[in-house]
S.K.: 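Please see the structure below; I have some questions.
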Amino acid sequence: MNTELTLVIMAAGLGSRFGGDKQLAALGPAGEPMLVLSIMSAIRSGFKCAVLVIRPELALELTGILTRFLPADFEYHFCYQNINDLPEAAQLPDYSHRLKPWGTAHALWCARDWVKGPMAVINADDFYGDSAFVSLAKGLTARPNHWMMVAYPIELTLSEHGGVNRGLCQVELGQLRSVVEWLNIQAQDNGFVGEGPRGLAKLSPQSLVSMTCWGFSPSIFDVIKQELTAFIGQQGKLPKSECYLPAIVQAGIEQGLPVYVDVASEPWLGVTYPQDTVWVKQKLTELLSD
């Protein structure tokens, strides 16, 4: 197995709530999109290559952005999240009913031919901070055949514009056991509250959440193949059904694969709505001004 570190960036989203391609939004101090900030962090941490999973219509503009901001000798590749790029056993006779691709698990599946060694997997439109990539590089180098995640204390991920949904992590002895979706998490005077599986409940500020900051070995593609095939068999006729990456991770855990957890020390930043951009730009300027 090739042990050089690859960064996989899921950048094919439509950004419907944002009102445009937020993966291209100029949010950094010099007008960088979030994905450029992530690639630069990854380069500083020892990653040698990036693979961007995109829609074909983004390729030209992205090429211009990456040429402007990245070192000329840094290697990157585009791959497309095509609706019919599925495991052989999951192929459908017709795809005309589909209104969108098959979710984040499918996005990573589409990158399989470009990744031959340990990889980090992130969202294109999130800011993770240098320390997250340092953790990923160290973990993937020390354990190239295992999976990992960088989890964030929930207090480092909240928005100033209302409640958020987060995947709450159950961690035991440094390993991930499960990720459970909590809804409408908000800060209140006496802490944090959200809607969990049993209704409204309090959360500790140090509760760990998943922000799509994963590290995998190529074995992830075997699990995606199994789970995506089963998913298409069950939900392949639906126009908008999606197979998400946390479901793949959970399947791996249930098969006995360890998922090691590091904890982030810098805030996560992201944009969902257009009005988030001013706040995020200000925060990024504060964090990156030096």
Side-chain angles (χ1 to χ4, degrees), residues 1-13 22-24 27-28 32-55 58-59 62-63 65-81 104-152 210-221 224 245-246 248-249 259-262 264 266 268-270 284 288:
M1 180 179 70
N2 187 337
T3 56
E4 287 193 348
L5 302 179
T6 298
L7 176 63
V8 179
I9 303 178
M10 296 186 291
K22 61 180 177 177
Q23 59 270 58
L24 304 181
L27 298 171
E32 310 96 326
M34 294 285 212
L35 63 86
V36 167
L37 298 177
S38 289
I39 293 173
M40 295 305 294
S41 289
I43 291 172
R44 288 190 288 270
S45 299
F47 284 77
K48 300 301 184 184
C49 176
V51 176
L52 292 84
V53 185
I54 66 170
R55 308 192 310 275
L58 299 180
L62 259 178
T63 299
I65 290 170
L66 298 180
T67 300
R68 175 186 172 192
F69 287 111
L70 296 186
D73 60 349
F74 183 72
E75 181 182 351
Y76 66 86
H77 306 280
F78 295 151
C79 64
Y80 301 138
Q81 188 176 2
T104 51
H106 177 241
L108 182 53
W109 170 256
C110 293
R112 66 196 180 281
D113 291 336
W114 292 103
V115 186
K116 304 304 179 185
M119 73 200 83
V121 180
I122 64 167
N123 286 330
D125 46 18
D126 294 341
F127 175 81
Y128 297 96
D130 276 356
S131 61
F133 293 93
V134 171
S135 292
L136 288 164
K138 287 182 176 178
L140 292 170
T141 300
R143 299 182 296 264
N145 296 311
H146 290 93
W147 301 2
M148 67 175 292
M149 73 177 300
V150 176
Y152 283 74
S210 169
M211 302 307 298
T212 312
C213 191
W214 299 102
F216 298 118
S217 72
S219 65
I220 186 70
F221 297 119
I224 294 177
L245 205 47
I248 306 302
V249 174
V259 181
Y260 296 92
V261 178
D262 279 2
E266 294 178 88
W268 168 95
L269 297 173
L284 286 172
L288 303 174

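Values below: every heavy atom of this structure, side chains too, minus hydrogens, waters and symmetry copies. Remember, it's a predicted structure, so these values are computed and weren't measured experimentally.
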S.K.: Are the side chains of L58 and L52 in contact, using a 4.5 Å heavy-atom criterion?
M.R.: no

S.K.: Parallel, tilted or perpendicular: which describes the rings of W214 and F216, with under 30° parallel and over 60° perpendicular?
M.R.: parallel

S.K.: Can you find a pair of side-chain heavy atoms, one from R55 and one from Y80, that are under 4.5 Å apart?
M.R.: no

S.K.: Does the side-chain contact (heavy atoms from CB on, under 4.5 Å) test come out yes or no for S38 and F133, once each step is laid out?
M.R.: CA-CA 8 Å; S38 289; F133 293 93; 3.7 Å; yes

S.K.: When you compare the side chain of R112 with that of P218, does any pair of heavy atoms fall below 4.5 Å?
M.R.: no

S.K.: Checking side-chain contact (heavy atoms from CB on, under 4.5 Å) against K138, which of T141, V134, L140 comes through?
M.R.: V134

S.K.: So do L35 and L62 actually touch side chain to side chain, heavy atoms under 4.5 Å?
M.R.: yes

S.K.: Once rounded to the nearest 0.5 Å, what's the spacing between atom OG1 of T212 and atom CD1 of I122?
M.R.: 9.5 Å

S.K.: Just say parallel, tilted or perpendicular for the rings of F221 and W109, cut-offs at 30° and 60°.
M.R.: perpendicular

S.K.: Would you confirm whether Y128, through its side chain, and N123, through its main-chain N or O, come within 3.5 Å as a donor-acceptor pair?
M.R.: yes

S.K.: Does L245 reach the side chain of M10, with side-chain heavy atoms less than 4.5 Å apart?
M.R.: yes

S.K.: In Å and rounded to the nearest 0.5 Å, what is the CG to CG distance from L27 to D125?
M.R.: 9.5 Å

S.K.: Got a second to check how far C110's SG is from I54's CD1, nearest 0.5 Å?
M.R.: 12.0 Å

S.K.: Is there side-chain contact between Y152 and S210, with at least one heavy-atom pair below 4.5 Å?
M.R.: no

S.K.: Nearest 0.5 angstrom please: L108 CG to I224 CD1, how far?
M.R.: 4.0 Å

S.K.: To the nearest 0.5 Å, what is the distance between OG1 (T104) and CD (Q81)?
M.R.: 8.5 Å

S.K.: CZ of F47 to CD of E4: how many Å apart, nearest 0.5 Å?
M.R.: 12.0 Å

S.K.: Would you check, one step at a time, whether the test side chain to side chain donor-acceptor pair (under 3.5 Å) holds for N145 with S217?
M.R.: CA-CA 5 Å; N145 296 311; S217 72; 5.7 Å; no

S.K.: Decide yes or no for V53 and I9: does some side-chain heavy atom of the first lie under 4.5 Å from some side-chain heavy atom of the second?
M.R.: no

S.K.: For a 4.5 angstrom cut-off between non-hydrogen side-chain atoms, does R44 reach D130?
M.R.: yes

S.K.: Step by step, work out the side-chain contact (heavy atoms from CB on, under 4.5 Å) result for S45 and L136.
M.R.: CA-CA 9 Å; S45 299; L136 288 164; over 6 Å; no

S.K.: If you measure only the distance, is there a donor-acceptor pair under 3.5 Å linking the side chains of S219 and W147?
M.R.: yes

